[in-house]
Amino acid sequence: MLDPLELLTPSADQDPKLPLLVYCPGMDGTGTLFYQQIPRLAPYFRIRTIRFTPAVHADWVHLSITLWEKLGSESIYLVGESFGACLALQTAVQVPQQIQRLILINPATSFRKQGILAQGSQLVDYVPLWVYGLSAYGLVPFLANGDRVAPRDRNKLFAAMCSVPLATTAHRLAMLRTFELQGWHVLTMPVLLLASAKDRMLPSVVEARALHNLLPHATIQILPQSGHAALIETQINLSEILNMQGFLPKIGKEGLVSDDILI
């Protein structure tokens, strides 16, 4: 039986002394849209990106258990974007002692509360394949702030969306409709919530504030000009944001990593 996800190593020659950062992608599930951030984060982390297996339709619990089984007992920095933020939260609830820092970008945790959007998503099951293929064109402007995304990155976003089969999209939307954060009281690790003020897909700022009220050690940073797919924007440098918020590990002498973080 196929695993529902795999861990990819997108950057070679990573120092084994560096802490591990794992990126959970959005609905496309490819992990490829994180590529701009990787070289900026590579001096501080060993980086893994998740790829969801399109043919395997797992639930949240199955996905989270598979992820932490693959990670073993190592402490990690867990980054989740949109759909992936839901998985990051579910995993952090399962193994809170292993999550050193939790970074959530425009989490899709509010999807089930978006009446028309959530209800309308159920119609994906009835969309003809040829219409589904064309629909990706119409969604790109809602996902990306066009003025801040280079043409090649828009093309990468479109390609990632088109790579997801219709049945897989329908399943992932159904997962979002049922997602509910339970056991959040164990999430006592530092959490950084990044919310795009110009998100046209979800009310990310409102949702970040709601999560901030739940999580005892959460910090919010608003991205005032960003859209939903913020990490592909030319102006967004996740490494700089983590540094400003004290979420980067501190590199000591001889490349060793201390337990402290930059303040």
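Values in this document were obtained by computation on a predicted structure and should not be read as measured data. We count residues from 1, following the sequence as given.
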Let's go through I103 and L242 carefully: what are the C-alpha distance in whole Å and the side-chain angles of both, what is the deciding distance for side-chain contact (heavy atoms from CB on, under 4.5 Å) to 0.1 Å, and is it a yes or a no? CA-CA 9 Å; I103 300 106; L242 297 184; 3.9 Å; yes
Find out whether I241 and L192 are in side-chain contact, i.e. whether some heavy atom of one side chain is under 4.5 Å from a heavy atom of the other. yes
Is there side-chain contact between Q225 and Q235, with heavy atoms separated by less than 4.5 Å? no
Do any N or O atoms from the side chain of R51 and from the backbone of L5 form a donor-acceptor pair under 3.5 angstrom? no
Classify the side-chain pair S196/N106 by whether it contains a donor and acceptor separated by less than 3.5 Å. yes
To the nearest 0.5 Å, tell me how far L104 CG sits from S204 OG. 11.0 Å
Interatomic distance, L215 atom CG to L181 atom CG [nearest 0.5 angstrom]: 7.0 Å
Kindly state each residue pair satisfying ring pair (Phe, Tyr, Trp, His ring centres under 6.0 Å) with at least one member in residues 18-43, sequence neighbours excluded. Y23-F34
Just one of L193, I105, L194 clears the side-chain contact (heavy atoms from CB on, under 4.5 Å) bar with Q221, so which one? L194
Please evaluate residues L143 and M201 with respect to the criterion side-chain contact (heavy atoms from CB on, under 4.5 Å), reporting the C-alpha separation (whole Å), side-chain torsions for both, the decisive distance (0.1 Å), and the verdict. CA-CA 7 Å; L143 291 168; M201 286 294 294; 3.8 Å; yes
Pairs touching residues 173-216 that satisfy ring pair (Phe, Tyr, Trp, His ring centres under 6.0 Å), sequence neighbours left out: W60-F179
Tell me, with the steps shown, if V22 and T91 meet side-chain contact (heavy atoms from CB on, under 4.5 Å). CA-CA 12 Å; V22 177; T91 304; over 6 Å; no
Rounded to the nearest 0.5 Å, the CD atom of Q90 sits from the NE2 atom of H62 at a distance of 12.5 Å
What heavy-atom pair brings I50 and C24 nearest, and what distance separates the two atoms? CD1-SG, 3.5 Å
I'd like to know if the side chain of R46 reaches the main chain of L18, judged simply by a donor and an acceptor atom lying under 3.5 Å from each other, with no hydrogens or angles considered. yes
Answer yes or no: is there a side-chain heavy-atom contact under 4.5 Å between E180 and Q182? yes
Hydrophobic clustering (ILVMFWY, side-chain heavy atoms < 4.5 Å, transitive) - are I76 and W68 grouped together? no
Exercise: identify the closest heavy-atom pair between C86 and L176: SG-CD2, 3.9 Å
Any side-chain heavy-atom pair of I232 and Q36 under 4.5 Å: yes
Heavy-atom closest contact (A42 atom, I47 atom, distance): N-CD1, 3.8 Å
Looking at CG of L33 and NZ of K156, how far apart are the two atoms once the value is rounded to the nearest 0.5 Å? 8.5 Å
Please report the C-alpha distance between E74 and Q98 in whole Å, then the side-chain angles of each, then the deciding distance to 0.1 Å, and finally whether the side-chain hydrogen bond (donor to acceptor under 3.5 Å, both in side chains) criterion is met. CA-CA 6 Å; E74 188 168 358; Q98 288 182 229; over 6 Å; no
Would you call P54 and V164 a side-chain contact if the rule is heavy atoms closer than 4.5 Å? no
Close side-chain approach of F52 and P4, heavy atoms under 4.5 Å: no
Linking I/L/V/M/F/W/Y whenever their side-chain heavy atoms sit closer than 4.5 Å, directly or via other members, would L8 and L238 fall into one cluster? no
So, taking the atom named CD1 in I38 and the one named OG in S239, what distance separates them when rounded to the nearest 0.5 Å? 13.0 Å
Apply the test side-chain contact (heavy atoms from CB on, under 4.5 Å) to residues H228 and S82: give CA-CA distance (whole Å), side-chain angles for both, the deciding distance (0.1 Å), then the verdict. CA-CA 8 Å; H228 188 70; S82 188; 2.8 Å; yes
Test side-chain contact (heavy atoms from CB on, under 4.5 Å), reference L89, set I99, L78, V191, T109, output is T109
Would the distance check show the side chain of H217 and the main-chain N or O of M189 forming a donor-acceptor pair, the cut-off being under 3.5 Å? no
Hey, are the side chains of L173 and R177 touching, using non-hydrogen atoms and a 4.5 Å cut-off? yes
Same cluster for Y44 and V79 if Ile/Leu/Val/Met/Phe/Trp/Tyr side chains link at under 4.5 Å? yes
With a 3.5 Å distance limit and no angle check, can you tell me whether Q37 reaches the backbone of I236 through a side-chain donor-acceptor pair? yes
Check Q94 against S64 and note the closest heavy-atom contact, atom names and distance. CG-OG, 3.7 Å
Looking at side-chain heavy atoms only, is the closest gap between D199 and L202 below 4.5 Å? yes
Cut-off 3.5 Å, side chains only: do T219 and Q245 have a donor facing an acceptor? no
Nearest heavy-atom neighbours spanning R148 and S226: NH2-OG, 3.5 Å
Would V206 end up clustered with L211 when hydrophobic side chains under 4.5 Å apart are linked, directly or stepwise? no
Determine yes or no for a side-chain-to-main-chain donor-acceptor pair under 3.5 angstrom, with R48 supplying the side chain and L7 the backbone. no
Please check if the side chain of N237 supplies one atom and the backbone of E240 the other of a donor-acceptor pair under 3.5 Å. yes
Atom pair CG/SG of L157 and C162 - distance to nearest 0.5 Å: 9.5 Å
In terms of hydrophobic clustering (I, L, V, M, F, W, Y; side-chain heavy atoms under 4.5 Å; direct or indirect links), are L223 and L248 co-clustered? yes
For S163 versus T30, what's the shortest heavy-atom pair and its separation? OG-CG2, 3.5 Å
